Amino acid sequence: PAATTALESPEALATARAAYSAMNEVIRPAHVRQQLYFPDKRLLQYDCGKLQVLDEMLRRLKSGGHRVLMFTQMSKVLDVVETFLSFHGHT
């Protein structure tokens, strides 16, 4: 007879699935809390009034030949601003 692996029997497969499911119930919530989710990039500006004003200001300043230097103390805010600026073509 051909050699079989440990998970080819229905009982072993059911045991492995149960163990994985139990482990996933413990680990998954912790993993999800550690992730930063961005809304749809096209709608990012409309989720925050400050970004709406920033977009308007940047367009006005750019049309006037001005340059802008922005600072932030939080790296996550910098990530959001970078996504916003890249998507709207502000360089």
Side-chain angles (χ1 to χ4, degrees):
T4 60
T5 63
L7 294 180
E8 284 187 6
S9 71
E11 297 84 19
L13 188 57
T15 303
R17 283 185 179 154
Y20 175 77
S21 179
M23 181 179 65
N24 193 32
E25 288 178 19
V26 173
I27 294 174
R28 176 116 176 101
H31 175 69
V32 168
R33 283 191 303 265
Q34 292 177 353
Q35 295 177 349
L36 174 67
Y37 291 103
F38 284 110
D40 186 357
K41 292 179 182 177
R42 293 170 291 161
L43 302 177
L44 182 64
Q45 171 180 346
Y46 303 107
D47 289 341
C48 178
K50 292 176 183 175
L51 290 179
Q52 292 177 13
V53 172
L54 178 63
D55 183 49
E56 190 177 303
M57 285 174 50
L58 289 174
R59 290 184 194 283
R60 188 174 61 240
L61 290 169
K62 189 174 184 180
S63 68
H66 297 279
R67 297 188 304 174
V68 176
L69 179 61
M70 295 175 43
F71 293 94
T72 180
Q73 293 181 349
M74 297 175 281
S75 61
K76 296 294 182 188
V77 172
L78 190 59
D79 294 341
V80 171
V81 171
E82 180 185 17
T83 301
F84 167 77
L85 294 174
S86 294
F87 186 77
H88 287 280
H90 298 293
T91 56

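Not measured: the values here are computed from a predicted model.
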Determine whether more than 12 heavy atoms belonging to other residues, nucleotides or ligands lie under 6.0 Å from atom CD of Glu56.
no

Using the rule that Ile, Leu, Val, Met, Phe, Trp and Tyr join whenever any side-chain heavy atoms are under 4.5 Å apart, tell me whether Leu51 and Leu78 fall into a single cluster.
no

In Å and rounded to the nearest 0.5 Å, what is the CD to OG1 distance from Glu82 to Thr72?
12.0 Å

Check whether any side-chain N or O of Thr15 sits under 3.5 Å from a backbone N or O of Glu11 as a donor-acceptor pair, and report yes or no.
yes

Would you say that His90 contacts Leu54 through its side chain, given a criterion of any heavy-atom pair below 4.5 Å between the two side chains?
no

Do the side chains of Met70 and Val53 join up, straight or via other hydrophobic residues, at under 4.5 Å, putting them in one cluster?
no

Donor-acceptor pair, distance only, cut-off 3.5 Å: does the side chain of Ser63 make one with the backbone of Arg60?
yes

Hphob cluster co-occupancy, Val80 + Met57, side-chain heavy atoms under 4.5 angstrom:
no

Distance from Leu58 atom CG to His88 atom NE2, nearest 0.5 Å?
10.5 Å

